[in-house]
Amino acid sequence: MKIYTGRGDEGQTDLRDMSRVSKSNPRIEAYGTVDEVNALVGAVRPTGHDDIDDVLRAVQNHLHIVQADFANPDPDEGDPRIDDGHVDELEGFVDEFDAELDPLEQFILPGGSEAGARLHQARAVCRRAERRAVAFAEAEPDAEVNGDALVYLNRLSDLLFTLARVVNKREGVREEQPTY
């Protein structure tokens, strides 16, 4: 397979059905930002914590499904789609890891250990991906935008935040609160 095709040289790209759209299309912005999240999650692995790495590996596979979902303007039965089972899985992870933490009583500054800081960065980009996905849904009201994928991104940012806190706690890094 050739890496370059030249098909995108004039600012257009293919969707899954081979229709062409501008690279600035809200759909492309949405799944491109999901790709950024996926790359950041990949950059944090390995964290040094096998249970967290296993979760992040699953998340990366889910994010590929989100991208395929958003790239498909006319999904058929059997096409890759995020569903409520994926969201339930994230919620289970959040609950499991949150049980390790002291209750959060105020805002914290993103940062900490290298892995913790990278997870906070992935969380921030995930929030942007969610905003881009909402903008895509608003820009194409007739398109079939998978609501479960929007919920998934919202829940994923919660998981990434929780994992950042867990990594920092496990590595003995104190959380810092902002001063006002």
Side-chain angles (χ1 to χ4, degrees), residues 3 13 15-16 23 25-72 75 79-101 104 107-137 145-173 175-176:
I3 297 299
T13 193
L15 296 177
R16 185 149 189 239
K23 289 183 178 184
N25 182 289
R27 178 185 298 272
I28 306 307
E29 282 290 330
Y31 74 71
T33 309
V34 171
D35 188 33
E36 287 182 60
V37 175
N38 206 342
L40 287 168
V41 170
V44 76
R45 285 184 35 219
T47 62
H49 306 279
D50 290 343
D51 57 341
I52 291 174
D53 291 344
D54 290 344
V55 167
L56 294 176
R57 187 175 303 105
V59 163
Q60 285 194 281
N61 283 294
H62 294 169
L63 289 171
H64 266 281
I65 296 169
V66 173
Q67 288 177 258
D69 198 340
F70 286 171
N72 193 349
D79 283 342
R81 302 274 293 185
I82 288 293
D83 60 36
D84 58 355
H86 294 101
V87 174
D88 291 344
E89 186 175 4
L90 288 187
E91 289 175 352
F93 293 148
V94 171
D95 293 343
E96 173 187 339
F97 286 103
D98 192 53
E100 284 187 45
L101 298 168
L104 189 62
F107 289 109
I108 61 169
L109 296 173
S113 67
E114 183 176 347
R118 286 181 184 213
L119 284 162
H120 277 296
Q121 182 181 18
R123 174 203 43 85
V125 176
C126 187
R127 289 283 189 208
R128 178 164 28 104
E130 181 187 7
R131 293 189 303 271
R132 296 289 190 267
V134 168
F136 154 48
V145 179
N146 182 355
D148 287 332
L150 299 175
V151 174
Y152 182 89
L153 292 172
N154 183 276
R155 215 61 89 248
L156 177 58
S157 62
D158 296 333
L159 174 62
L160 294 170
F161 177 77
T162 302
L163 293 177
R165 294 187 67 215
V166 167
V167 165
N168 284 337
K169 180 178 181 179
R170 289 180 183 179
E171 296 182 9
V173 177
E175 293 178 332
E176 296 179 13

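Residue numbers start at 1 and run along the sequence shown. Predicted model only: the values in this text are computed from it and were never measured.
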Interatomic spacing from CG in N38 to CD in Q67 - rounded to 0.5 Å | 6.0 Å
Between V167 and A115 the two heavy atoms that sit nearest each other are CG1-CB, 3.7 Å
May I have the step-by-step check of side chain to side chain contact (heavy atoms under 4.5 Å, CB included) for I108 and F161, ending in yes or no?
-> CA-CA 10 Å; I108 61 169; F161 177 77; 3.8 Å; yes
N146 side-chain N/O to I82 backbone N/O, donor-acceptor pair under 3.5 Å = yes
The reported gap from CG in D98 to CD in E96 (rounded to nearest 0.5 angstrom) is 11.0 Å
Just by modelled atom types, is the R45 backbone N or O under 3.5 Å from a matching donor or acceptor in the D53 side chain?
-> no
What pairs with E171 under side-chain hydrogen bond (donor to acceptor under 3.5 Å, both in side chains), at least two apart in sequence or on another chain?
-> H49, S113
Could you grab the distance from atom CZ of R27 to atom CZ of F136, nearest 0.5 Å is fine?
-> 3.5 Å
Kindly give the heavy-atom pair with the smallest separation between P75 and R81, and that separation in Å.
-> CG-NH1, 3.2 Å
In Å, rounded to the nearest 0.5 Å, how long is the span from CZ of R131 to CD of E29?
-> 12.0 Å
d(L163 CG, F93 CZ) to nearest 0.5 Å is 9.0 Å
Check step by step if side chain to side chain contact (heavy atoms under 4.5 Å, CB included) holds for D54 and R57.
-> CA-CA 5 Å; D54 290 344; R57 187 175 303 105; 3.0 Å; yes
Evaluate the criterion side chain to side chain contact (heavy atoms under 4.5 Å, CB included) for residue pair V41 and L160; output intermediate values, then yes/no.
-> CA-CA 9 Å; V41 170; L160 294 170; 4.3 Å; yes
Extract all donor-acceptor atom pairs below 3.5 Å that involve side chains of residues 116-123 and protein atoms in other chains or at least two apart in sequence.
{"from": "R118", "atom 1": "NE", "to": "E114", "atom 2": "OE2", "distance (Å)": "3.4"}
{"from": "R118", "atom 1": "NH1", "to": "A43", "atom 2": "O", "distance (Å)": "2.8"}
{"from": "R118", "atom 1": "NH2", "to": "E114", "atom 2": "OE2", "distance (Å)": "3.0"}

Can you tell which of V125, L153, I65 makes a side chain to side chain contact (heavy atoms under 4.5 Å, CB included) with V34?
-> L153
Please tell me if the side chains of Y31 and D69 come closer than 4.5 Å, counting only heavy atoms from C-beta onward.
-> no
Do L90 and V59 pass the side chain to side chain contact (heavy atoms under 4.5 Å, CB included) test, and can you show the C-alpha distance, the side-chain angles, and the key distance before you say yes or no?
-> CA-CA 8 Å; L90 288 187; V59 163; 4.1 Å; yes
Reported NE2-to-CG distance for the pair H62 and L56, which is rounded to 0.5 angstrom = 11.5 Å
Do N61 and H64 have side-chain N/O donor and acceptor atoms under 3.5 Å apart?
-> no
Test item: D83 side-chain N/O and H86 main-chain N/O as donor-acceptor pair under 3.5 Å | yes
Just jot down the salt bridge (Lys or Arg N to Asp or Glu O under 4.0 Å) partners of E89, sequence neighbours excluded, or say none.
-> none
